[in-house]
Undergrad: 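Next up is a structure, given as structure tokens.
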Amino acid sequence: CQEWRTGYWKPLELRTGKAVYLYGKSINCFLLGFCTVFGGLLLYLLILIGIGAIIGYPLYDPISDRENIQPIFYLVLRIITFAASAGFWSMAGLLMAAIQNDSFIAVTMPLALNMTVDYVLRRLTGGGFSTMKFANLSAIPENYILSAINGTVVFILLGAVCGWIVTEFLRKRVENEWYS
């Protein structure tokens with residue numbers, strides 16, 4: 001809505017249209033949340049592997065340990081699932097910012113929403129379920145690959161629902177010129 005108010009939108013209107021632009025913003029928000037966490041955690045893992053090789057306690061030795069790549073594969077799947085979770089929570093922040101039209105809401109609301117939803121789920125289920133169960137790779141016993149796929153797909157679908165809600169809300173808001 002700030003882009004609409006400042007006129008940033010006008011040159012793009014001829015090329016894209018409202019719906020494509022708003023869906024693009026939503027997809028961009030999810031991918032930025034995903035890639036930021038994925039890149040940061042993957043870089044951290046690579047630094048740990050490098051430090052381990054330097055001090056003589058390797059986390060993974062690619063030369064002599066080609067068959068035993070399971071721990072690294074597990075960590076990469078864990079990073080992907082956690083990054084998908086971060087993408088969803090950035091979409092939740094975008095949704096709250098679209099409703100309130102305040103950029104500071106987008107920064108603080110993902111954490112507040114995560115804590116609130118986690119608290120409510122734990123209270124309703126007697127502590128047996130929380131938001132971190134989706135990102136946990138032990139959700140499906142004995143198969144962490146299916147657990148990673150399950151968690152990642154759940155967060156992508158939740159992000160898609162948030163993106164659709166954001167797009168519809170902003171489209172109606174901009175069409176009615178209610179962007180104060």
Side-chain angles (χ1 to χ4, degrees), residues 2-3 23-98 102-122 125 127-166:
Q2 290 173 350
E3 291 172 359
Y23 279 119
K25 282 289 189 183
S26 296
I27 291 169
N28 187 28
C29 178
F30 183 87
L31 288 178
L32 281 174
F34 179 89
C35 290
T36 301
V37 171
F38 180 77
L41 289 176
L42 194 62
L43 181 64
Y44 179 69
L45 180 63
L46 293 175
I47 289 171
L48 283 180
I49 290 172
I51 289 173
I54 290 172
I55 64 173
Y57 187 72
L59 179 64
Y60 173 69
D61 187 10
I63 296 170
S64 65
D65 207 12
R66 290 187 183 178
E67 303 86 36
N68 193 16
I69 197 167
Q70 293 294 349
I72 302 300
F73 186 62
Y74 177 83
L75 289 174
V76 169
L77 286 177
R78 182 92 174 164
I79 289 170
I80 289 171
T81 306
F82 190 71
S85 169
F88 162 67
W89 288 112
S90 67
M91 288 299 297
L94 181 65
L95 177 61
M96 290 296 122
D102 186 6
S103 58
F104 296 110
I105 297 291
V107 176
T108 57
M109 283 312 286
L111 178 62
L113 282 174
N114 187 11
M115 293 173 63
T116 304
V117 169
D118 191 53
Y119 176 76
V120 169
L121 285 175
R122 285 181 190 266
T125 61
F129 190 77
S130 69
T131 55
M132 291 308 290
K133 289 277 187 179
F134 287 126
N136 194 354
L137 296 189
S138 64
I140 300 174
E142 304 288 328
N143 197 343
Y144 65 89
I145 296 173
L146 278 178
S147 293
I149 292 170
N150 178 42
T152 304
V153 167
V154 164
F155 284 120
I156 288 173
L157 289 176
L158 288 172
V161 168
C162 273
W164 178 76
I165 292 170
V166 165

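Values reported hereafter were calculated over all heavy atoms of this structure, with side chains retained and with hydrogens, waters and symmetry mates removed. In this text the structure is predicted, and so the values were computed from the model without any measurement.
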Undergrad: Grab the two heavy atoms, one from C162 and one from F88, that are nearest each other, plus how far apart they are.
TA: SG-CE1, 3.8 Å

Undergrad: Going by side-chain contact (heavy atoms from CB on, under 4.5 Å), name the residues that satisfy it together with S90, two or more places apart in sequence or in a different chain.
TA: C29

Undergrad: Minimum heavy-atom separation for W164 to Y23, with atom names?
TA: CD1-OH, 3.2 Å

Undergrad: Where is the tightest heavy-atom contact between T152 and I80, given as atom of each residue plus distance?
TA: OG1-CG2, 4.0 Å

Undergrad: Report the residues that fulfil side-chain contact (heavy atoms from CB on, under 4.5 Å) with V153, sequence neighbours left out, ordered by chain and then residue number.
TA: I149, L157

Undergrad: Return the set of residues passing ring pair (Phe, Tyr, Trp, His ring centres under 6.0 Å) with F34 (not counting sequence neighbours), or none when no residue passes.
TA: F38

Undergrad: To check you understand the geometry: which heavy-atom pair defines the closest contact between F30 and F155, and what is its length?
TA: CE1-O, 4.0 Å

Undergrad: Can you list the residues that meet the side-chain contact (heavy atoms from CB on, under 4.5 Å) rule with L43, with sequence neighbours excluded?
TA: I47

Undergrad: Which heavy atom of L95 sits nearest a heavy atom of V166, and at what distance?
TA: CA-CG2, 3.4 Å

Undergrad: For residues 26-55, which residue pairs qualify under side-chain hydrogen bond (donor to acceptor under 3.5 Å, both in side chains), counting only residues two or more places apart or in two chains?
TA: S26-T167

Undergrad: To the nearest 0.5 Å, what is the distance between CD1 on I156 and CE on M91?
TA: 12.0 Å

